[in-house]
Asks: 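Right, I'll just put the structure down here and ask away after.
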Amino acid sequence: MADESFVVRDIRVEGIQRTEAGTIFSYLPVKVGDVLDSKKASAAIKALYATGFFSDVKLKSEAGLLIVQVQERPAIAQISINGAKEFDKDKLKEGLKQAGLSESRIFSRSLLDKAEQELKRQYISRGKYAVKITTTTTPLERNRIGINFDIKEGKTARIKQINIVGNQVFPEDDLVGLFSLKTPGLMTWFTKDDQYSKQKLSADLETLRSTTWIGAT
């Protein structure tokens with residue numbers, strides 16, 4: 001259509017399975033009676049791509065008939081999570097949903113990659129530095145897709161030693177005793193206080209700041 005310019009007498013949509021034709025018309029910046037040239041055709045293709053509904057968009061013309069050919073992105077039919085023990089599966093799925101990845105929504109590879117990185121970040125915050133997440137997608141009938149997260153959590157990082165550098169006011173043992181994080185001891189196998197946690201570390205640092213501020217005053 002690069003060298004063509006014509007009056008659009010009618011518009012036909014091909015390739016849709018789930019998307020309503022009216023939805024495409026609402027996003028299409030071309031109406032019956034418009035003069036379509038290469039610039040408007042390019043804008044129309046970009047507008048349809050921008051919806052995120054389609055993986056391919058083409059325009060063709062036949063004697064004033066504008067044919068919009070689309071290939072829909074697959075919908076997510078199911079999400080399964082295997083190997084998760086550190087987190088509840090329902091909470092993980094809720095987190096994926098907030099990231100835009102949930103059943104019945106349009107599949108996006110970029111969102112899937114983002115969700116995988118977010119899962120890794122959550123595990124690392126719990127001290128699971130060796131976590132491995134393998135994501136697989138399975139094509140299903142009616143242009144749908146299944147997503148599987150296979151998680152190998154690995155061992156949790158444990159705290160071997162806690163040092164406080166620069167303290168000259170308080171006994172170090174008193175400060176360390178304020179922490180919820182502990183070095184391995186008789187009961188840490190049960191309390192798990194010797195397992196590294198970013199959240200606990202942040203809380204302990206805030207406790208340390210509050211204590212040293214009070215001492216300074």
Side-chain angles (χ1 to χ4, degrees), residues 17-20 23 49-55 72-162 175-211:
Q17 299 180 46
R18 298 181 310 275
T19 309
E20 296 291 337
T23 300
Y49 268 123
T51 65
F53 299 155
F54 312 110
S55 59
E72 293 177 322
R73 293 184 184 276
I76 300 172
Q78 59 188 34
I79 297 176
S80 58
I81 301 175
N82 301 314
K85 299 178 182 178
E86 186 72 18
F87 296 93
D88 181 78
K89 289 184 179 181
D90 290 337
K91 289 185 178 180
L92 288 179
K93 283 191 174 183
E94 182 61 30
L96 293 175
K97 184 177 181 179
Q98 292 178 3
L101 202 69
S102 62
E103 294 174 358
S104 78
R105 299 193 67 168
I106 301 299
F107 172 73
S108 166
R109 172 59 63 177
S110 61
L111 280 180
L112 179 59
D113 293 340
K114 181 181 178 181
E116 183 177 332
Q117 292 303 314
E118 176 60 22
L119 286 180
K120 288 182 179 179
R121 190 186 70 81
Q122 291 293 333
Y123 272 99
I124 289 174
S125 72
R126 295 281 186 95
K128 297 284 188 178
Y129 290 98
V131 64
K132 293 183 178 180
I133 301 177
T134 303
T135 307
T136 56
T137 57
T138 304
L140 302 174
E141 60 181 3
R142 291 184 285 122
N143 197 27
R144 300 181 303 158
I145 196 168
I147 302 175
N148 179 70
F149 292 91
D150 186 22
I151 302 174
K152 294 182 179 179
E153 296 182 337
K155 294 182 178 180
T156 303
R158 297 184 180 276
I159 300 168
K160 182 178 181 180
Q161 189 173 351
I162 299 176
L175 295 180
V176 173
L178 297 171
F179 291 177
S180 59
L181 292 175
K182 309 291 183 183
T183 54
L186 183 62
M187 293 299 295
T188 50
W189 66 271
F190 176 74
T191 63
K192 300 185 184 335
D193 290 338
D194 62 338
Q195 294 184 357
Y196 173 78
S197 166
K198 186 176 181 180
Q199 290 88 346
K200 287 185 177 181
L201 177 60
S202 296
D204 285 345
L205 290 177
E206 187 58 38
T207 299
L208 183 61
R209 292 188 188 97
S210 300
T211 301

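As the structure is a computational prediction, the values presented were derived from the model and not from experiment.
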Asks: What distance separates Leu205 CG from Phe179 CZ, expressed to the nearest 0.5 Å?
Replies: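 Rounded to the nearest 0.5 Å, the CG-CZ separation comes to 6.5 Å.
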Asks: Quick one: ring pair (Phe, Tyr, Trp, His ring centres under 6.0 Å) pairs with a partner in residues 134-155, sequence neighbours left out?
Replies: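 Residue pairs passing ring pair (Phe, Tyr, Trp, His ring centres under 6.0 Å), neighbours aside: none found.
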Asks: Can a donor-acceptor pair be found, under 3.5 Å and without considering hydrogens, that links the side chain of Asn148 to the backbone of Thr136?
Replies: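 Looks like no, no N/O pair under 3.5 Å.
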Asks: So do Ser202 and Glu206 actually touch side chain to side chain, heavy atoms under 4.5 Å?
Replies: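 No. Closest side-chain heavy atoms not under 4.5 Å.
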Asks: Grab the two heavy atoms, one from Ile151 and one from Ala84, that are nearest each other, plus how far apart they are.
Replies: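 For Ile151 and Ala84, the tightest heavy-atom pair comes out as CD1-CB, 4.2 Å.
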Asks: Taking only residues two or more places apart in sequence or in another chain, which ones pass salt bridge (charged side-chain N to carboxylate O under 4.0 Å, His left out) with Arg121?
Replies: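 Testing Arg121 for salt bridge (charged side-chain N to carboxylate O under 4.0 Å, His left out), a comparison that skips the adjacent residues, returns Glu118.
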Asks: Please identify each residue that fulfils salt bridge (charged side-chain N to carboxylate O under 4.0 Å, His left out) with Lys132, with sequence neighbours left out.
Replies: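 Here no residue qualifies.
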Asks: Indicate the atoms forming the closest heavy-atom contact of Ala157 with Tyr129, along with that distance.
Replies: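 Taking Ala157 first and Tyr129 second, the nearest heavy atoms are CB-CD1, 3.7 Å.
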Asks: Sequence neighbours excluded, which residues qualify as salt bridge (charged side-chain N to carboxylate O under 4.0 Å, His left out) partners of Glu20?
Replies: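 Applying salt bridge (charged side-chain N to carboxylate O under 4.0 Å, His left out) to Glu20 gives none.
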Asks: Measure across Leu101 and Ala115 and return the closest heavy-atom pair with its distance rounded to 0.1 Å.
Replies: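 Result for this residue pair: CD2-CB, 3.9 Å.
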Asks: State the CD1-CZ distance between Ile76 and Arg105, to the nearest 0.5 angstrom.
Replies: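 Answer rounded to 0.5 Å: 8.0 Å.
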Asks: Looking at Lys93, I'd like to know if its NZ atom is crowded, meaning that more than 12 non-hydrogen atoms belonging to other residues, nucleotides or ligands lie closer than 6.0 Å.
Replies: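 Counting other residues, nucleotides and ligands, NZ of Lys93 exceeds 12 neighbours.
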Asks: With sequence neighbours excluded, tell me which residues meet salt bridge (charged side-chain N to carboxylate O under 4.0 Å, His left out) with Glu116.
Replies: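 Salt bridge (charged side-chain N to carboxylate O under 4.0 Å, His left out) list for Glu116, sorted by chain: Lys120.
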Asks: If you measure from CG on Leu112 to CD1 on Ile145, what distance do you get to the nearest 0.5 Å?
Replies: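 Answer for the CG-CD1 pair, Leu112 versus Ile145, is 8.0 Å.
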Asks: From Glu72 CD over to Arg142 CZ, what is the distance, rounded to the nearest 0.5 angstrom?
Replies: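 Between atom CD of Glu72 and atom CZ of Arg142 there are 12.5 Å.
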Asks: Looking at CG of Leu201 and CD1 of Ile162, how far apart are the two atoms once the value is rounded to the nearest 0.5 Å?
Replies: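 The CG atom of Leu201 sits 9.0 Å away from the CD1 atom of Ile162.
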Asks: Between Leu140 and Ala77, which heavy-atom pair has the shortest distance, and what is it?
Replies: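 In this case the closest contact between Leu140 and Ala77 is CD1-CB, 3.7 Å.
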Asks: Please tell me if the side chains of Ile147 and Leu96 come closer than 4.5 Å, counting only heavy atoms from C-beta onward.
Replies: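 No, every pair of side-chain atoms sits at 4.5 Å or beyond.
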Asks: Quick check: closest heavy atoms across Asn143 and Gln17, and the distance to 0.1 Å?
Replies: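 Heavy-atom minimum between the residues: CB-OE1, 3.8 Å.
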Asks: OH of Tyr196 to CD1 of Ile159: how many Å apart, nearest 0.5 Å?
Replies: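 With rounding to 0.5 Å, OH (Tyr196) is 8.5 Å from CD1 (Ile159).
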Asks: What pairs of donor and acceptor atoms, side-chain ones from residues 85-92 against any protein atom, are under 3.5 angstrom apart with sequence neighbours left out?
Replies:
residue	atom	partner	partner atom	Å
Glu86	OE2	Arg126	NH1	3.2
Asp88	OD2	Asp90	N	3.0
Asp88	OD2	Lys91	N	3.3
Lys89	NZ	Ile81	O	3.0

Asks: Given 3.5 Å as the limit, does a donor-acceptor pair link the side chain of Lys128 with the main chain of Gly154, or not?
Replies: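 Yes, Lys128 side chain to Gly154 backbone: donor-acceptor pair under 3.5 Å.
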Asks: For Pro74 and Arg18, work out which heavy atoms get closest and say how close.
Replies: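 For Pro74 and Arg18, the tightest heavy-atom pair comes out as C-NH2, 4.0 Å.
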Asks: Can you tell me if Arg73 uses its side chain to pair, donor with acceptor, with the backbone of Ser108 under 3.5 Å?
Replies: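 Checked: no pair found.
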